[in-house]
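Sequential numbering from 1 along the given sequence is applied to the chain's residues. None of the values given here were measured: they were computed from a predicted structure. Every number for a ligand or one of its atoms is a count from 1 in the order of the listing.
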Amino acid sequence: MKPSVIDNAIEYVKDIFEKDFSGHDYYHTMRVYRMACTIAEGEQADMAKVQLAALLHDVDDIKLSPQTHENKDRAQSFLKAHDMSNEMVLSICNIIDEISYVGNDSVVPSTIEGKCVQDADRLDAIGAIGIARAFAYGGNHNRIMYDPDVEPKMNMGEAEYRNHISTTINHFHEKLFKLKDLMNTSTAKSIAWHREKFMEEYVEEFLSEWDGIR
Ligand code: ADP
Ligand code: NI
C-alpha cells in the first residue's frame with residue numbers, strides 16, 4: 001500500500017467530519033485511528049486493514065449517513081479509487097459492519113483487525129472524552145441530560161436500542177458502563193479500567209450535585 005493512501009484517507013475523513021457536532025468529529029476518527037494502531041501493535045494484525053478500517057469506520061454510519069450505510073458507498077468509493085483489491089475492500093467493509101454497539105445484539109468481531117478497531121472506537125466512548133461525547137450527542141439529538149423519574153432500560157436488542165429515547169445519564173448505564181467488560185484485547189482492557197473508574201466517579205458527583213443541596 002502506498003503511504004499516500006493513508007494521507008488521502010485522513011483528508012477524506014477531515015472533509016466529511018469537519019462540521020460534526022454529534023460527538024463524531026474528525027478528531028474522534030483520528031483518535032480511533034491512532035488507538036487502533038497502538039492496540040494492533042500488540043496483536044498479530046494486518047496493519048493496513050486496521051488503519052483503513054479505523055479511518056473509514058464512521059463515514060457510512062447509519063446515524064450520520066443513512067443513505068450510504070447499507071452498501072458502505074463512501075468507504076467503497078474511497079478504497080476503489082485507490083485501487084484496493086476486492087479482498088481488501090470486502091474485509092474492510094466487514095470490519096466496519098461488525099464494529100457498532102447495538103445493545104444485546106452487538107457482535108464480537110470475527111477478525112483480529114476488527115477487534116482492534118472496535119476496542120479503539122469503544123475506548124473513545126468512555127473516560128473524559130467519552131463523557132464529553134455523550135453530552136454532545138445528547139444535546140445534538142435534543143435529549144435531556146437527566147430525569148430522576150426515567151429509569152435506564154437494560155438488555156435491549158438492536159431495534160429497541162436504536163429507537164429508544166432516553167436521557168444522557170441513562171446512556172451511561174445502557175451502554176458506557178458495559179464497554180469495559182466487552183473489550184477484546186488486553187491493551188484495551190487495561191486502558192478501559194482507568195477510564196471506567198473516572199466515569200463512575202463523574203456520575204456519582206453529577207448525582208450528588210443534582211438536587212442543588214450542599
Ligand atoms: P458506535 O461507535 O458503537 O456505533 P455510537 O456512534 O452510537 O456508537 O456512539 C458514538 C458516541 O455517541 C459515543 O460517545 C456515545 O456515547 C454517543 N451516544 C450514542 N448514543 C447516545 C445516546 N443515546 N445518548 C448519549 N450519547 C450517545
Ligand atoms: Ni466511531
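- Here the CD1-CG distance, from Ile99 to Asp58, works out to 7.0 Å after rounding to the nearest 0.5 Å.
- With respect to atom 12 (O) of ligand 1, the closest heavy atom belonging to the protein is Tyr137 CD1, 3.5 Å.
- In this structure, Glu174 has no heavy atom closer than 4.0 Å to ligand 1.
- Scanning the protein for heavy atoms near atom 4 (O) of ligand 1, the closest one is Ser100 OG, 2.6 Å.
- Considering backbone and side-chain atoms alike, Arg133 places an N or O below 3.5 Å from some N or O of ligand 1.
- Note that the CZ atom of Arg143 and the OG atom of Ser166 stand 7.5 Å from one another [nearest 0.5 Å].
- Within the 2.8 Å limit, His57 places at least one N, O or S atom next to the Ni ion (ligand 2).
- Atom numbering of ligand 1 starts at 1 in the shown order; those under 4.0 Å from a heavy atom of Leu176 are 16 (O).
- Scanning all protein heavy atoms for the shortest distance to atom 5 (P) of ligand 1 gives Lys63 NZ, 3.5 Å.
- Using a 4.0 Å cut-off between a side-chain N of Lys or Arg and a carboxylate O of Asp or Glu, Lys72 and Asp60 do not qualify as a salt bridge.
- Salt-bridge annotation for Lys49 and Glu87: present, with a side-chain N of the basic residue lying under 4.0 Å from a carboxylate O of the acidic one.
- His57 and Asp121 share a donor-acceptor pair across their side chains, judged by distance under 3.5 Å alone.
- The single protein non-hydrogen atom nearest to atom 23 (N) of ligand 1 is Arg143 NH1, 2.6 Å, given as residue, atom name and distance.
- The aromatic rings of His171 and Tyr137 lie parallel to each other, with less than 30° between the two planes, well short of the 60° mark.
- For a threshold of 3.5 Å applied to N or O pairs, the pair formed by Lys175 and ligand 1 contains at least one separation below that value.
- Looking at atom 2 (O) of ligand 1, its nearest protein heavy atom turns out to be Asp121 OD2, 2.8 Å.
- Using cut-offs of 30° and 60° on the angle between ring planes, the pair Tyr161 and Tyr101 is perpendicular.
- Nearest non-hydrogen protein atom to atom 10 (C) of ligand 1 is His24 NE2, 3.2 Å.
- Distance from atom 16 (O) of ligand 1 to its nearest protein heavy atom, with residue and atom name: His171 NE2, 3.0 Å.
- Close N/O approach between Ser22 and ligand 1 is not found [any backbone or side-chain N/O within under 3.5 Å].
- A donor-acceptor contact shorter than 3.5 Å links the side chain of Gln118 to the backbone of Val107.
- Between the side chains of Glu98 and Ser110, at least one donor N or O sits under 3.5 Å from an acceptor N or O.
- The Ni ion (ligand 2) is the vertex of the angle joining OD2 of Asp58 and OD1 of Asp121, which measures 170° to the nearest 10°.
- Taking NZ from Lys19 and CG from Asp25, the interatomic distance works out to 12.5 Å, rounded to the nearest 0.5 Å.
- For ligand 1, the atoms sitting less than 4.0 Å from at least one non-hydrogen atom of Tyr101 are 3 (O), numbered in the order shown with element in parentheses.
- Residue contacts with ligand 1: His57 is excluded, as none of its non-hydrogen atoms falls under 4.0 Å.
- Ring geometry for Phe135 versus Phe206: interplanar angle under 30°, hence parallel rather than tilted (30 to 60°).
- Geometrically, ligand 1 and Tyr161 share no nitrogen or oxygen pair separated by less than 3.5 Å.
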